Peer 1: 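One structure, pasted below without further comment.
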Amino acid sequence: MEDLSRVEQSFTEAIKNRDFYVWYQPQIDMRTGSSRGGEALVRWQRKDGALIPPDRFVSELEQAGLMPALDEEVVKIVCKDACEAKQRGCLFGPVSVNLSRLHAGREGGPDWIRKVTAHYGIQPGEIFFEITETAAEGDDGAELMRFAHQLQKEGYRIAMDDYGTGNSTLKLLQEIRFDILKLDRHFVSRIGDPRADVILASTIDMAGRLGMEVVAEGVETEEQIRFLMENQCYLGQGYYYSRPLTKEQYIRWRSRYEETV
């Protein structure tokens, strides 16, 4: 792995050169097949065309403390894309954007979100935020709870991302009133295994009792869709419906989709 100074230099150059792009993966109401917006996924593409996958740079940026800066760049891109789509009369949102837990405790809270969304004329209903459940060692969740509450006071919905893969799941669910719970693709891919089925069914039931919508990530087969809907999980995203799309592909997809649904 590159040393931190090298990571920071590469990141600064990438921001300056606008090497970060956002792709969008559609989210679907599996009962009706209707569109429910999409999730923003960051991509790093160098000027020579080389595409750097997220699993090669996200962890390094997290260790270097640079994820909040990348999150801010992604929010700007999403707001700009949504604004341009609206000006063209095209459907776009609502779009979910990932936020690092490193935002919690930073001075200014969600002020930067307020400024960016106001600049592009984006309303809270057009964008919402996903926060990973993974906690740093010694993190008691208090700062994250305050940050999440601030976002909700601004009118934004928040989702717990990658549910089931972190180390503070139940504690966070007790302390933070998440609006949405996202089932990690790790568990969705194991539908059909008796133990995984029990875990997923119980998780979906618990989320419903807590008043949360449930979104399944990594949906790829009809078997998975049947199981999820039988257990009252109705929202999904994954290759069964669509791969992540560039902005223009996503806009065209939404346009064609709404014409046929």
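Predicted, not measured: the structure shown is a model, and the values here were computed from it.
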Peer 1: Write down the atom of Ser189, the atom of Gln224, and the distance for their closest heavy-atom approach.
Peer 2: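 The pair with the smallest heavy-atom distance is CA-NE2, 3.8 Å.
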Peer 1: Are the side chain of Gln232 and the backbone of Glu230 linked by a donor-acceptor contact shorter than 3.5 Å?
Peer 2: yes
Peer 1: Just to verify, which of Leu99, Leu151, Thr117 counts as forming a side-chain contact (heavy atoms from CB on, under 4.5 Å) with Pro110?
Peer 2: Leu151
Peer 1: With distance as the sole test, does Arg254 use its side chain to make a donor-acceptor pair with the main-chain N or O of Gly93 at under 3.5 Å?
Peer 2: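 Present.
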Peer 1: Look at the side chain of Tyr240 and the backbone N and O of Glu222, then say whether any donor-acceptor pair between them is shorter than 3.5 Å.
Peer 2: no
Peer 1: Name all residues meeting the side chain to side chain contact (heavy atoms under 4.5 Å, CB included) criterion together with Asp111; count only those two or more places apart in sequence or in a different chain, and write none if there are none.
Peer 2: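 With sequence neighbours excluded, Asp111 shows a side chain to side chain contact (heavy atoms under 4.5 Å, CB included) to Arg114, given in chain and number order.
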Peer 1: Is a donor on one side and an acceptor on the other found under 3.5 Å between the side chain of Asn17 and the backbone of Asp19?
Peer 2: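 No; judged by distance alone, with no hydrogens or angles, the pair does not exist.
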Peer 1: Check whether any side-chain N or O of Glu217 sits under 3.5 Å from a backbone N or O of Gln237 as a donor-acceptor pair, and report yes or no.
Peer 2: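 No: the side chain of Glu217 does not pair with the backbone of Gln237.
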Peer 1: Which class fits the ring pair Phe20 and Trp44: parallel under 30°, tilted 30 to 60°, perpendicular over 60°?
Peer 2: tilted
Peer 1: Verify, without hydrogens or angle tests, whether Lys86 (side chain) and Gly121 (backbone) share a donor-acceptor contact under 3.5 angstrom.
Peer 2: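 Indeed, once roles are kept as given, a pair shorter than 3.5 Å links the two residues.
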Peer 1: Say whether, by atom type as modelled, one donor and one acceptor occur between the side chain of Asp197 and the main chain of Gly192 under 3.5 angstrom.
Peer 2: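 Answer holds: yes.
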Peer 1: Counting C-beta onward and ignoring hydrogens, is there a side-chain heavy-atom pair between Lys247 and Val22 closer than 4.5 Å?
Peer 2: no
Peer 1: Is the shortest distance from a Lys or Arg side-chain nitrogen in Glu84 or Lys80 to a carboxylate oxygen in the other one below 4.0 Å?
Peer 2: yes
Peer 1: Assess, by modelled atom type and distance only, whether the side chains of Asp81 and Tyr24 contain a donor and an acceptor separated by less than 3.5 Å.
Peer 2: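 Yes, side-chain donor-acceptor contact under 3.5 Å.
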Peer 1: Salt-bridged, Asp48 to Arg46, with N to O below 4.0 Å?
Peer 2: no
Peer 1: Could you point out which residue of Phe128, Phe129, Phe147, Phe178 forms a ring-ring contact (aromatic ring centres under 6.0 Å, His included) with Tyr156?
Peer 2: Phe129
Peer 1: For Ala196, check side chain to side chain contact (heavy atoms under 4.5 Å, CB included) against everything at least two apart and list the hits.
Peer 2: Arg190, Asp193
Peer 1: Only one of Ile180, Leu173, Val214 clears side-chain contact (heavy atoms from CB on, under 4.5 Å) with Tyr163; which?
Peer 2: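 With Tyr163 as partner, Ile180, Leu173, Val214 yield a single side-chain contact (heavy atoms from CB on, under 4.5 Å), made by Leu173.
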